[in-house]
*Asks:* 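My questions will all concern the structure given below.
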Amino acid sequence: MSTQQNNTDKFQAIISHAKEYGFVFQSSEIYDGLSAVYDYGPYGAELKKNIKDYWWKSMTQLHENIVGIDAAIFMHPTTWKASGHIDNFSDPMIDNKDSKKRYRVDHLIEAHADTLPADAAKALLDAMDSLLAAEDFAGLKQLIETNKIVCSVSGTANWTDVRQFNLMFKTEFGAVAAEPGDDNHVYLRPETAQGIFVNFLNVQKTARMKVPFGIAQVGKAFRNEIVARQFIFRMREFEQMEMQFFVRPGTEGEWYQYWKDARLKWHLGLGIDAAKYRYHDHIKLAHYAKEACDIEFEFPIGFKEVEGIHSRSDFDLMQHQTYSRKKQQYFDNDVDPTTGKPYGNYVPYVIETSIGLDRMFLLILSNAYTEEDLSTPEKQDSRVVLKIPAKLAPVKLAVLPLLKKDGLPEIARELMNECKGAFKCFYEEKDAIGKRYRRQDAIGTPFCVTIDHQTKEDGTVTIRHRDSMQQERVPMNSIKAMVLNAIH
RNA sequence: GCGGAAGUAGCUCAUUUGGUAGAGCACAACCUUGCCAAGGUUGGGGUGGCCGGUUCGAGCCCGGUCUUCCGCUCCA
């Protein structure tokens with residue numbers, strides 16, 4: 001219990017730190033905020049962008065057979081019919097007022113039907129289906145009441161009204177208000193994947209891709225979560241980094257395994273402790289999935305999903321082929337050794353890797369946040385330092401003249417001008433040097449350079465390392481190369 | 001959505017039973033300062049989450065509302 005309390009405290013401390021140092025603010029804070037929506041501040045925006053670039057580069061630059069796209073957030077409404085989002089994620093819900101338990105209406109009625117004789121059950125389910133199709137919520141509530149369906153916890157039939165739960169945000173398309181009855185609404189996409197699937201042939205043909213190949217995308221997605229909480233872990237507006245990898249049917253098993261391994265390696269490549277990661281294989285699979293697992297990370301609030309790897313079969317492309325009536329086939333010229341002929345036409349299978357950018361941001365922040373006790377017998381001392389991997393740090397180098405006189409600021413400015421085109425730098429000349437170091441620790445700057453009088457004599461400076469707090473004396477003209485080497 | 005707790009300066013908090021708000025840190029300017037927070041002087045900053053009620057008078061009492069946190073519920 002006490003460790004759980006400590007972890008909760010640590011999570012609170014991270015949230016406070018994120019706000020105080022310009023990483024994450026609550027959205028619309030001056031209007032009391034908007035629930036489960038957050039804004040990224042100056043350092044947060046840098047960190048987020050660095051994570052995004054690191055992922056993008058690992059996908060589209062280090063893999064010759066992966067290309068990127070940037071699809072619109074608005075998509076044709078039929079997209080979501082094909083993907084299953086409209087049918088699977090707009091469920092009427094009802095609450096029992098006594099037990100406070102919430103049910104999906106269809107689940108509640110189906111469970112009751114299981115207890116009935118076959119013909120009575122069929123009559124009930126038929127009635128339910130027609131009411132669901134008509135979106136007749138009052139009728140559904142009446143159906144529950146006339147059948148005396150009770151809550152399994154409280155045993156009562158004290159129900160709230162039936163309410164619609166919509167996963168997707170709906171908005172109007174076109175500047176002119178709709179005529180009554182017009183069906184001109186569009187959705188804000190609840191996942192970025194469909195933008196990749198509907199462009200499958202565009203990309204394959206124009207970039208001349210051969211199976212197996214992947215399409216990567218980073219972008220915003222929107223979901224009405226039932227409860228949205230835990231800081232930026234679960235937000236209504238969030239950003240995904242997704243890659244859909246198209247493979248020949250029959251090879252999906254080995255590619256699933258390949259990406260499962262490859263994605264964990266990507267995480268570990270940031271130097272994060274492997275013990276904080278684990279796989280979670282799904283037993284119960286989504287409607288489109290053949291195999292699925294999560295990569296989970298041990299946040300202060302426990303192990304939570306950061307990334308999913310899913311074997312999606314040919315579900316999505318087949319659905320789009322059906323709904324659009326346009327073939328989503330690929331002609332494979334490779335020779336099948338068992339027949340001696342090309343593999344020919346097929347709809348590819350898909351392996352998806354999908355990581356939450358905001359969750360990755362929280363992962364980096366959680367892993368980096370460190371409170372250190374630096375007390376000596378003479379003096380109590382402590383510091384808060386963000387041990388962010390150097391390549392992701394918002395600011396790479398702080399340039400600090402020891403004194404703001406004697407020409408030291410001028411020399412520091414020379415170093416700034418040399419470096420600021422290559423990576424993000426920060427210049428500061430006020431306050432004591434120790435205080436400046438600690439401020440840089442708090443935002444995770446890996447290197448601080450101090451210019452002193454000796455610099456004027458021999459051109460050397462001290463470079464101070466964030467994690468060890470060690471300093472070394474090096475030529476000023478070697479700084480840029482040192483930092484570039486560390487963040488490469 | 002339900003239950004519990006909380007909301008006073010940028011941050012952490014005080015203001016004994018209702019009498020028109022205070023500290024430390026932070027911030028800004030100047031001085032001082034030779035390498036790991038807390039040197040000096042001066043200064044800016046709050047219609048006490050918001051709305052309403054009781055009262056001669058409300059940060060404090062009452063009601064509502066918003067937001068956050070914890071638990072439950074839900075979840076690709």
Side-chain angles (χ1 to χ4, degrees), chain A residues 4-5 8-9 11-13 15-17 19-22 25-38 83-85 88-89 91 93-104 107 153 160-161 163 165 167 190-191 193 221 223-231 234 240 242 282 284-289 292 294 301 305 308-310 312 352 354 356 372 374-376 379-385 400-406 408 429-442 448-455 461-466 468-473:
Chain A
Q4 193 179 349
Q5 185 58 47
T8 301
D9 289 348
F11 197 55
Q12 288 310 315
I15 293 169
S16 299
H17 191 89
K19 187 194 168 191
E20 189 173 353
Y21 289 93
F25 308 127
Q26 190 181 14
S27 164
S28 317
E29 194 184 16
I30 63 168
Y31 293 109
D32 290 329
L34 186 61
S35 185
V37 184
Y38 291 88
S83 72
H85 283 81
N88 288 319
F89 298 104
D91 306 309
M93 317 282 273
I94 193 166
D95 294 350
N96 184 274
K97 289 178 185 172
D98 298 315
S99 66
K100 312 295 184 195
K101 197 160 164 52
R102 168 172 292 169
Y103 295 89
R104 270 176 59 170
H107 288 178
V153 177
T160 64
D161 286 341
R163 282 169 296 190
F165 166 65
L167 175 103
E191 65 174 21
R223 294 180 195 178
N224 266 315
E225 303 281 359
I226 294 178
V227 285
R229 249 200 247 153
Q230 290 168 321
F231 195 41
R234 181 163 293 170
Q240 293 185 304
E242 288 199 325
H282 288 205
K284 201 177 132 195
L285 297 171
H287 61 272
Y288 53 74
D294 297 334
I301 49 177
E305 176 189 352
I309 296 108
H310 294 200
R312 292 179 78 127
E352 167 188 278
S354 175
E372 288 181 348
L374 304 173
S375 296
T376 60
K379 185 176 155 196
Q380 211 177 26
D381 194 8
S382 65
R383 70 165 183 161
V384 174
V385 52
L400 315 170
L402 190 59
L403 299 175
K404 55 177 167 184
K405 61 180 183 184
D406 302 338
L408 301 185
E429 58 186 29
K430 74 186 297 286
D431 289 322
I433 190 68
K435 194 180 270 187
R436 283 182 268 169
Y437 285 153
R438 299 300 173 88
R439 274 202 284 260
Q440 294 306 311
D441 288 341
C448 292
V449 161
T450 302
I451 286 85
D452 58 17
H453 287 106
Q454 192 184 332
T455 312
V461 295
T462 50
I463 184 164
R464 180 259 196 190
H465 299 267
R466 177 193 66 200
S468 64
M469 297 172 73
Q470 295 296 309
Q471 295 173 247
E472 51 181 320
R473 191 100 208 163

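Labels below follow one simple rule: chain letters A, B, ... track the order of the sequence lines, proteins then strands, and each chain is numbered from 1.
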*Asks:* Has the side chain of A:Arg464 got a donor or acceptor that lies under 3.5 Å from a partner of the other kind on the base of B:rC35?
*Replies:*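 When only heavy-atom distances are counted, A:Arg464 does not reach the base of B:rC35 through any donor-acceptor pair under 3.5 Å.
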*Asks:* Got a donor-acceptor contact below 3.5 angstrom from the A:Arg436 side chain to the A:Pro401 backbone?
*Replies:*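 Present.
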*Asks:* Say we look at B:rG43 and B:rC2: how far apart would their C1' atoms be, to the nearest angstrom?
*Replies:*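 My reading of the C1' atoms in B:rG43 and B:rC2 gives 50 Å.
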*Asks:* Restricting to side chain to side chain donor-acceptor pair (under 3.5 Å), what partner residues turn up for A:Arg438, sequence neighbours left out?
*Replies:*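 For A:Arg438, the residues satisfying side chain to side chain donor-acceptor pair (under 3.5 Å) (neighbours in sequence not counted) are A:Asp381.
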*Asks:* Determine the interatomic distance between C1' on B:rU20 and the same-named atom on B:rC60; round to the nearest Å.
*Replies:*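 Going atom to atom, C1' in each nucleotide, I get 14 Å.
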*Asks:* Let's see if you can work this out: which of B:rC36, B:rC35, B:rA76 has an atom nearest to the side-chain heavy atoms of A:Glu191?
*Replies:*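 Between B:rC36, B:rC35, B:rA76, the one nearest the side chain of A:Glu191 would be B:rA76.
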*Asks:* List in chain and number order the residues that pass ring pair (Phe, Tyr, Trp, His ring centres under 6.0 Å) with A:Tyr38, two or more places apart in sequence or in another chain; answer none if no residue qualifies.
*Replies:*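 For A:Tyr38, the residues satisfying ring pair (Phe, Tyr, Trp, His ring centres under 6.0 Å) (neighbours in sequence not counted) are A:Phe231.
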*Asks:* For atom P, what is the distance between B:rG64 and B:rG4, given to the nearest Å?
*Replies:*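 Comparing P positions in B:rG64 and B:rG4 gives a spacing of 12 Å.
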*Asks:* Can you tell me whether the side chain of A:Arg234 and the base of B:rC75 have a donor-acceptor pair closer than 3.5 Å?
*Replies:*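 When only heavy-atom distances are counted, A:Arg234 does reach the base of B:rC75 through a donor-acceptor pair under 3.5 Å.
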*Asks:* If you pin A:Gln471 and A:Ile15 to their nearest nucleotides in RNA chain B, which one's is more 5'?
*Replies:*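 By nearest-heavy-atom nucleotide position, the 5'-most residue is A:Gln471.
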*Asks:* What pairs with A:Thr462 under side chain to side chain donor-acceptor pair (under 3.5 Å), at least two apart in sequence or on another chain?
*Replies:*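 For A:Thr462 there are no side chain to side chain donor-acceptor pair (under 3.5 Å) partners, ignoring immediate neighbours.
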*Asks:* Whole-Å distance between B:rC35 C1' and A:Ile463 CD1?
*Replies:*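 One finds 14 Å between C1' of B:rC35 and CD1 of A:Ile463, rounded.
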*Asks:* Taking atom types as they are modelled, would you say the side chain of A:His310 forms a donor-acceptor pair with the base of B:rA76 within the 3.5 Å cutoff?
*Replies:*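 Side chain to base: no pair below 3.5 Å.
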*Asks:* When rounded to the nearest Å, what value does the distance between P atoms of B:rG46 and B:rA9 take?
*Replies:*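 That atom pair is separated by 11 Å.
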*Asks:* With no angle test and no hydrogens, is the base of B:rC36 tied to the side chain of A:Asp381 by a donor-acceptor pair under 3.5 Å?
*Replies:*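 No, no donor-acceptor pair under 3.5 Å.
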*Asks:* Using Watson-Crick or G-U wobble pairs with both distances under 3.5 Å, give me RNA chain B in dot-bracket, 5' to 3', with [ ] for crossers and | for pairs to another strand.
*Replies:* (((((((..((((.....[..)))).(((((.......))))).....(((((..]....))))))))))))....
*Asks:* Does A:Arg383 reach the main-chain N or O of A:Glu372 with its side chain, forming a donor-acceptor pair under 3.5 Å?
*Replies:*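 The answer is no, because no donor-acceptor pair under 3.5 Å joins these two groups.
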*Asks:* State plainly whether the residues A:Glu242 and A:Arg312 are in salt-bridge range, i.e. N to O under 4.0 Å.
*Replies:*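 Not counted as a salt bridge, because no side-chain N and carboxylate O are separated by less than 4.0 Å.
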*Asks:* Would you please name every residue forming a side chain to side chain donor-acceptor pair (under 3.5 Å) with A:Asp294, sequence neighbours left out?
*Replies:*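 Here the qualifying residues are A:His282.
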*Asks:* Which comes earlier along RNA chain B counting from the 5' end, the contact point of A:Gln454 or that of A:Pro190, where each point is its nearest nucleotide?
*Replies:*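 Residue closer to the 5' terminus by nearest nucleotide: A:Gln454.
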*Asks:* Counting only side-chain N and O atoms of A:Lys19, is one of them less than 4.0 Å from OP1 or OP2 of B:rC11?
*Replies:*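 For B:rC11, OP1 or OP2 has a side-chain N or O of A:Lys19 closer than 4.0 Å.
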*Asks:* Tell me whether the side-chain N/O atoms of A:Gln26 come closer than 4.0 Å to OP1 or OP2 in B:rU67.
*Replies:*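 Answer no for this pair, as no side-chain N or O of A:Gln26 is under 4.0 Å from OP1 or OP2.
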*Asks:* Using atom C1' of each nucleotide, how far apart are B:rA37 and B:rU54 to the nearest Å?
*Replies:*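 Here B:rA37 and B:rU54 have their C1' atoms 49 Å from each other.
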*Asks:* Base contacts versus sugar-phosphate-only contacts with protein, heavy atoms under 4.0 Å: please encode nucleotides 25-33 of chain B as B, S and - from 5' to 3'.
*Replies:* -SSSS---B
